[in-house]
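Some notes on the structure that comes next.
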Amino acid sequence: MLTLLTQSADYPVSKDDLCEAIKVSHDDDNFVLLGLIASETQRYEAFTGRVMRLCTYELKLDRLMDPITLPVTPVREVTKFAYLDADNVEQTIASSDWYMRPGIAGTDIWFSKGFSVPTLSSQALPVSITFSAGYFTPGEDITNPALAPMATDQRNIIALIQRIYDEDKPMTEAEMREIMGHRRVFR
C-alpha cells in the first residue's frame, strides 16, 4: 500500500514563468493562475505517471521479494527500509543489503547476494519503505542532473493551463496523448 506522507508546496512552473509564457501582464488573475498551476500539475502527474515535485511516500508490503517496485518516478532516495520481525520489533535493512535499479514500472529494489530473508511478523504489512520522489523544482539546488526539471514537462503543464485560461475548457485526454504522450511512464 502506497501512502503519500508529504508533498512540497513548490510547483515546476512558477506564476511569473506562466504569465510570461501565456502573455498575462496584470495581477487580476493571480488567484486563478495559482489554482490552475496546482490543478494542472496534478493532472499532468496523473497522466504521465511522473512526480513533478518533491514528495515523501511510505510503501507497506506483506512480504520481502526480489524485486520490490517503488511505483513512482523519479525516486530520489530511500530513507528507511524496515520490517517487523517475528517478535513485532522493527528491524532496519542495511543499505549494503539492497540496491536500486530503474524498472519497467518505477524503481526496483533488489537484494544483494548473501541477503537472507528474515522471518516477518504475522501483522498485516510488516515491511515498510520510506522514500522521496520527484523532480527538483525551479530554484532548488540540483544535486542530481537526472532529477532536473525538464523543460518539456514545464511546457506541457503551461499548455494545459493555457488551454483552460484562453478557451475555458481543459485539454482532452486524446489531445494530451497526441501532444505529450511521449512523457508517459507505462505501468
For residues 25-32, tabulate all N or O donor-acceptor pairs below 3.5 Å that involve a side-chain atom, not counting sequence neighbours.
from	atom 1	to	atom 2	distance (Å)
His26	ND1	Asp28	N	3.3
Asp29	OD2	Tyr165	OH	2.4
Asn30	OD1	Lys15	NZ	3.4

Validation row: [X], [Y] side chains within 4.5 angstrom (heavy atoms):
{"X": "Leu33", "Y": "Ile22", "result": "yes"}
{"X": "Leu61", "Y": "Tyr83", "result": "no"}
{"X": "Gln91", "Y": "Pro118", "result": "no"}
{"X": "Thr41", "Y": "Val13", "result": "no"}

Where is the tightest heavy-atom contact between [X] and [Y], given as atom of each residue plus distance?
{"X": "Gly49", "Y": "Thr73", "answer": "O-CG2, 3.6 Å"}
{"X": "Pro12", "Y": "Thr137", "answer": "N-CG2, 4.3 Å"}
{"X": "Ala148", "Y": "Phe136", "answer": "N-CD1, 4.3 Å"}

Which residue pairs satisfy the ring-ring contact (aromatic ring centres under 6.0 Å, His included) criterion with at least one member in residues 58-77, sequence neighbours excluded?
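Matches after skipping sequence neighbours: none remain.
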Applying ring-ring contact (aromatic ring centres under 6.0 Å, His included), which residue pairs with at least one partner in residues 34-56 are found, sequence neighbours left out?
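Listed once each, the pairs would be none.
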Sequence neighbours excluded - salt bridge (Lys or Arg N to Asp or Glu O under 4.0 Å) pairs with any residue from [range]:
{"range": "residues 144-162", "answer": "Asp153-Arg183"}
{"range": "residues 62-76", "answer": "Arg76-Glu140"}
{"range": "residues 163-172", "answer": "Arg163-Glu167, Arg163-Glu175"}

Per the side chain to side chain donor-acceptor pair (under 3.5 Å) rule, what does the pair list look like for residues 5-14, sequence neighbours excluded?
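Output for this query lists Thr6-Thr56, Gln7-Arg53, Tyr11-Arg53, Ser14-Asp17.
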Residue pairs, two or more places apart or on separate chains, that pass side chain to side chain donor-acceptor pair (under 3.5 Å) and touch residues 97-109:
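Sorted pair list: Thr69-Asp108.
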List for me each residue that meets ring-ring contact (aromatic ring centres under 6.0 Å, His included) alongside Phe131, sequence neighbours excluded, and say none if there are none.
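Result, ring-ring contact (aromatic ring centres under 6.0 Å, His included) vs Phe131: Tyr57.
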If the condition is salt bridge (charged side-chain N to carboxylate O under 4.0 Å, His left out), which residues does Glu90 pass it with, not counting sequence neighbours?
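Partners of Glu90 by the salt bridge (charged side-chain N to carboxylate O under 4.0 Å, His left out) criterion, ordered by chain and then number, come out as Lys80.
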Roughly how far, to the nearest 0.5 Å, is the CE atom of Met180 from the NE2 atom of His182?
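Taking NE2 in His182 and CE in Met180, the distance rounds to 8.5 Å.
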Share the residues that join Met1 in a hydrophobic cluster, the rule being Ile, Leu, Val, Met, Phe, Trp or Tyr side chains under 4.5 Å apart at the heavy-atom level.
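ILVMFWY cluster around Met1 also holds Leu125.
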With sequence neighbours left out, what residues match Ser39 under side chain to side chain donor-acceptor pair (under 3.5 Å)?
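If we apply the side chain to side chain donor-acceptor pair (under 3.5 Å) test to Ser39, skipping adjacent residues, there are no hits.
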